[in-house]
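In what follows, a single structure is set out as structure tokens and then discussed.
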Amino acid sequence: MSKVQLPDGSVLEAAERATVRDIAEQIGPGLAKAAIAGRLNGESVDLSTQITDDANLEIITSKDDEGLDILRHSCAHIMAEAICSLWPEAKLVYGPAVRDGFYYDLDLDEPIRPEDFQRIEQKMSEIIAADTPFERVEMSRTEALEKMAGDRYKSDNIQRADGETISFYSHGANGFQDLCKGPHVPSTGRIDRKAFKVMSVAGAYWHGDASQKMLQRVYGTAWRNKKELNEHLRLLEEAKKRDHRLLGRQMDLFSFHDEGPGFAFLHAKGMIIWNEIIDFWRSVHRKYDYEEVKTPIILNEELWHRSGHWDNYKENMYFTMVDGINYAIKPMNCPGGLLIYKSTRHSYREFPIRMAELGLVHRYEPSGQMHGLVRVRQFTQDDAHIFCTPEQIESEIVGVIDLVMELYKAFGFDDYHIELSTKPEKRIGSDEIWEVATQALANALEQKGIDYQLNPGDGAFYGPKIDFHIEDCLKRSWQLGTIQLDFSMPERFGLVYSDKDNTEKTPVMIHRAILGSLERFMGILIEHYGGNMPLWLAPEQMRVLAISEKTSDYAVDVCKRLKNAGLRCGVDVSGEKIGAKIAKTHSDKVPYMLVVGPKESESDTVSARWRGRRETTSVGVEQFIAIAHAKIDDKSLELAFE
RNA sequence: GCCAACGUAGCUCAACGGUAGAGCACUGGUUUUGUAAACCAGCGGUUAAGGGUUCGAUUCCCUUCGUUGGCCCCA
């Protein structure tokens with residue numbers, strides 16, 4: 001007889017050889033029916049697991065996130081069986097649950113094609129309909145290795161598994177079995193036949209190692225019921241509409257061409273957004289006491305040998321030759337900044353020197369990496385290099401974090417995560433220096449009370465870094481800002497300053513970018529707003545729409561007055577009907593539509609409606625100008641007035 | 001870079017071994033319009049590029065380039 005404590009604190013007596021399922025039944029038949037697995041002393045287990053001792057137990061249903069994960073993981077097994085029955089030569093590698101679904105990696109020479117998905121789904125449906133139980137078999141590691149001898153993937157998985165007990169799960173009439181630590185749903189029928197879908201297939205390296213064989217990774221999605229699946233599919237469709245690549249074309253902001261893969265062409269409207277971002281960026285940097293510099297794009301190759309880029313970054317660089325001399329196209333701005341520093345003598349009294357640069361860099365990216373504006377081969381970094389004394393490091397980093405927060409907040413980004421990346425394999429500088437630098441970054445984060453994720457081995461080659469990441473509409477994570485501490489570069493370049501005691505010392509250098517790449521930032525921003533840019537960023541802030549050509553003159557006049565007031569105003573005096581003009585303006589995502597007819601013409605007003613709203617508001621022209629200016633100055637996200 | 005798919009008019013997509021089509025956009029005309037798309041006509045393509053198979057290729061095969069989804073990397 002064991003005592004089982006439930007999450008609410010109550011204690012149940014468990015009968016001899018009682019299973020998790022039995023306890024669920026003791027609690028209530030409804031729960032027993034909904035149960036998927038249990039959490040026994042904090043560990044996830046099958047419903048069939050026996051309770052042998054006093055324990056804490058929680059029943060997991062599909063309502064729990066973990067329950068959903070288990071459901072998806074079981075669905076991955078079902079898909080694996082389906083695929084193996086269609087392609088008996090397929091070797092299974094690894095199939096976990098992931099966000100929104102699951103995948104299974106397979107070694108199979110014949111490519112699985114999207115046309116095959118329906119066949120796979122059909123097979124999965126049959127397996128689910130058969131509703132056979134998932135059965136767990138345990139054995140020792142040695143036995144498991146023997147059992148899987150000849151299967152390099154499963155043998156490898158066994159060797160990597162924790163603990164000495166290795167488990168297999170089987171289900172289905174044909175005895176499909178797979179190495180797995182579980183837990184699983186009690187039987188295949190617990191998956192909703194109408195709530196899963198095979199989504200895509202892609203290549204994936206074994207162990208993520210590019211030198212290993214490429215496997216086929218089949219992605220699927222699975223939900224509690226059909227309604228949730230449909231909602232998920234709908235959200236994917238919605239996300240596609242927010243894709244900056246699509247909006248960039250629709251809104252005429254930028255384009256890409258075969259003549260320059262990975263090099264963005266910014267159109268006139270895109271440049272308006274670009275310049276607004278930069279104007280704001282400059283104003284904030286002035287406030288934080290930064291100076292701005294500009295360094296050349298092409299510099300002698302020798303400089304890059306000195307900086308360590310040649311040894312550590314050559315594969316990502318472009319080179320050129322002029323007058324028989326080798327030059328490199330800069331992939332980073334730091335060496336140029338160092339030369340500026342060196343061009344005059346420096347005293348500790350000047351420190352910290354905060355030298356910002358909107359620097360255009362080129363980095364060679366393998367062709368499969370490019371992605372709209374967020375992954376390009378040429379981009380503008382909102383870079384800065386801070387030269388300071390060791391004592392100033394922490395306060396400078398805190399200052400940069402404050403600046404990051406202020407900039408992100410203005411764009412409405414509250415949802416980002418921070419990573420601290422440490423010493424990589426390819427690096428310059430001593431271990432001791434790395435330790436000090438890494439600690440300084442960690443201290444600053446802790447001082448600000450910021451949660452962060454540790455990324456061992458992911459630092460830049462010259463120092464550890466703090467990165468700021470944000471997600472795009474398809475939930476892909478992108479790095480924006482970065483703060484990198486560097487003790488090595490100043491030494492390599494022989495940077496010095498005169499200290500209080502009149503000795504020469506080497507300054508510390510902090511590299512930082514906040515928006516990261518302006519191209520990427522703009523791409524993320526477009527998705528963030530779904531193309532509906534706030535007034536201060538909108539390429540066309542308002543458009544005057546004439547009811548008919550009879551009021552064209554007034555419309556043109558109003559537009560002119562708004563332009564003279566510094567507003568970005570357009571006018572539509574075409575022969576279209578007013579309904580068509582409104583529809584067009586709306587699809588162009590213009591914040592304000594100002595309709596004018598004879599009535600407005602007489603009273604010097606406009607009939608205003610704003611993006612997303614059908615009602616109109618009559619407002620005087622001068623009054624509207626004042627309202628618009630106020631909203632632009634506030635960087636307001638809200639268009640409504642009245 | 002690797003695996004897979006895709007590339008047809010400015011955009012979104014048809015046609016799939018037998019003369020390449022539609023909607024939107026654009027141009028001209030009719031309409032003079034009161035709040036989410038009036039009507040008519042016209043313009044627009046060596047079907048990404050190159051090679052091969054074939055009487056004939058947009059369609060089948062190969063190569064290159066580009067794009068998309070992943071993997072590995074990264075701002």
Side-chain angles (χ1 to χ4, degrees), chain A residues 103 105 108-109 111-115 199-219 243 245-246 249-250 252 255-262 313 315-316 331-332 359 361 363-383 421 458 460 465 467-470 474 476-482 484 511 513-521 523-524 545-552 574-587 593-600 607-609 611-616:
Chain A
Y103 66 79
D105 281 350
L108 172 65
D109 290 332
I112 294 177
R113 299 194 164 82
E115 304 89 272
M199 300 295 283
S200 63
V201 58
Y205 298 113
W206 192 34
H207 293 163
D209 180 348
S211 66
Q212 293 288 350
K213 179 167 185 180
M214 181 150 283
L215 309 167
Q216 296 196 61
R217 176 169 295 178
V218 185
Y219 282 91
D243 192 315
R245 294 166 299 181
L246 182 72
R249 189 162 48 225
Q250 278 175 2
D252 194 18
S255 58
F256 286 91
H257 303 273
D258 289 0
E259 289 82 352
Y313 209 75
E315 293 71 29
N316 292 296
M332 296 187 195
V361 298
R363 296 184 184 175
Y364 172 76
E365 297 287 345
S367 59
Q369 312 294 13
M370 257 97 71
H371 184 89
L373 285 179
V374 298
R375 192 75 187 264
V376 288
R377 285 176 170 162
Q378 179 203 60
F379 59 99
T380 306
Q381 283 187 309
D382 67 322
D383 211 347
S421 300
D458 249 6
K465 58 178 187 169
D467 290 328
F468 298 81
H469 294 255
I470 214 153
L474 295 170
R476 284 177 290 219
S477 174
W478 297 100
Q479 186 182 325
L480 292 184
T482 183
Q484 307 173 348
H511 309 240
I514 293 178
L515 307 180
S517 143
L518 286 179
E519 285 80 353
R520 171 177 294 178
F521 186 73
I524 301 272
L545 311 178
I547 293 279
S548 79
E549 285 172 26
K550 287 172 188 159
T551 41
S552 286
S574 68
E576 293 292 341
K577 292 169 76 169
I578 190 65
K581 290 181 183 178
I582 286 170
K584 177 77 168 65
T585 311
H586 193 253
S587 79
M593 304 171 208
L594 309 175
V595 178
V596 296
K599 210 163 63 190
E600 286 75 17
S607 172
R609 49 187 281 173
R611 197 172 50 200
R613 185 179 105 139
R614 283 172 183 272
E615 291 73 39
T616 60

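Counting any heavy atom pair closer than 4.0 Å across all strands shown, A:L480 reaches sugar-phosphate atoms only and no base atom. Within the nucleic acid shown, A:K465 comes within 4.0 Å of sugar-phosphate atoms alone, with no base atom in reach, counting heavy atoms only. Contacts of A:M370 with the nucleic acid, taken as non-hydrogen atoms under 4.0 Å apart, involve only primed sugar atoms and P, OP1 or OP2. Here A:H371 lies in heavy-atom contact (under 4.0 Å) with sugar-phosphate atoms only. Among the heavy atoms of the strands, none lies under 4.0 Å from A:T585. A:V376 comes within 4.0 angstrom of a nucleotide base, judged by non-hydrogen atoms across all strands. Residue contacts for A:E259: at a heavy-atom cut-off of 4.0 Å it reaches no nucleic acid atom on any strand shown. At the heavy-atom level, A:P261 lies under 4.0 Å from the strands shown only through sugar-phosphate atoms. Residue A:Y219 is classed as a sugar-phosphate contact, given heavy-atom separations below 4.0 Å to backbone atoms only.
Spacing of C1' atoms, B:A9 relative to B:A15, comes out at 15 Å, to the nearest Å. Across B:C13 and B:U54, the matching P atoms stand 36 Å from one another, rounded to whole Å. Annotation: B:A4 and B:G21 have their P atoms spaced 35 Å apart (nearest Å). The separation of B:A20 from B:A48, taken at their P atoms, amounts to 14 Å, rounded to a whole angstrom. The gap from the P atom of B:A25 to that of B:C62 amounts to 41 Å, rounded to the nearest Å. Comparing the same atom, C1', in B:G66 and in B:U30 gives a spacing of 44 Å after rounding to whole Å. B:A5 and B:A75 have their P atoms separated by 32 Å, with the value rounded to a whole Å. To the nearest whole angstrom, the two C1' atoms, one in B:G23 and one in B:U31, are 22 Å apart.
Residue A:H469 places no side-chain N or O under 4.0 Å from the OP1 or OP2 atom of B:C74. Considering only side-chain N and O atoms, A:R113 lies under 4.0 angstrom from the phosphate OP1 or OP2 of B:A5. A sub-4.0 Å separation between OP1 or OP2 of B:G69 and a side-chain N or O of A:R217 is absent. Between A:R245 and B:G69 there is a side-chain polar atom (N or O) within less than 4.0 angstrom of OP1 or OP2. Contact check, A:R375 against B:C73: no side-chain N or O comes under 4.0 Å of OP1 or OP2. Side-chain N/O atoms of A:R476 include one lying less than 4.0 angstrom from OP1 or OP2 on B:G69.
In this structure the side chain of A:V596 never reaches within 4.5 angstrom of the side chain of A:L545, judged on heavy atoms. The closest side-chain heavy-atom distance from A:W478 to A:R520 is below 4.5 Å.
Within the shown strands, nothing qualifies as a pairing partner of B:U19 under the Watson-Crick or G-U definition with both distances less than 3.5 Å. Across all strands shown, B:G42 pairs with B:C26; the Watson-Crick or G-U wobble distances both stay below 3.5 Å. The nucleotide B:G1 finds its pairing partner in B:C71, both defining distances of the Watson-Crick or G-U wobble pair being shorter than 3.5 Å. When both pairing distances are held under 3.5 Å, B:G50 makes a Watson-Crick or G-U pair with B:C62.
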Distances under 3.5 Å between nitrogen or oxygen atoms of protein and nucleotides 38-45 of chain B:
none

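Residues A:D109 and A:K213 are paired through a salt bridge, judged by an N-O separation under 4.0 Å between the basic side chain and the carboxylate. Remark: A:K584 does not engage A:E576 in a salt bridge, criterion side-chain N to carboxylate O under 4.0 Å.
For B:C71, its base sits under 3.5 Å from the side chain of A:Q369 at one donor and acceptor pair at least. Not a single donor-acceptor contact under 3.5 angstrom links the side-chain atoms of A:R614 to the base of B:U35. On a pure distance criterion of 3.5 Å, no polar donor-acceptor pair joins the side chain of A:Q250 and the base of B:C11. Between the side chain of A:Y364 and the base of B:G1 there is no donor-acceptor pair of N/O atoms closer than 3.5 Å. In this model, no side-chain donor or acceptor of A:E315 finds a partner on the base of B:G1 within 3.5 Å. At a cut-off of 3.5 angstrom, the base of B:C74 holds no donor-acceptor pair with the side chain of A:R377. For a distance-only test at 3.5 Å, the side chain of A:E365 qualifies as a donor-acceptor partner of the base of B:A75.
For the residue pair A:I547 and A:G597, the shortest heavy atom distance occurs at CG1-CA, 3.6 Å. Shortest non-hydrogen contact noted between A:V361 and A:Q381 is CG1-OE1, 4.0 Å.
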Q.
If you apply the rule side chain to side chain contact (heavy atoms under 4.5 Å, CB included), what do you find for A:D105 with A:W206, and how did you get there?
A. CA-CA 8 Å; A:D105 281 350; A:W206 192 34; over 6 Å; no
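Ring stacking holds between A:F379 and B:A75, with the centres under 5.5 Å apart and the planes within 30 degrees of each other.
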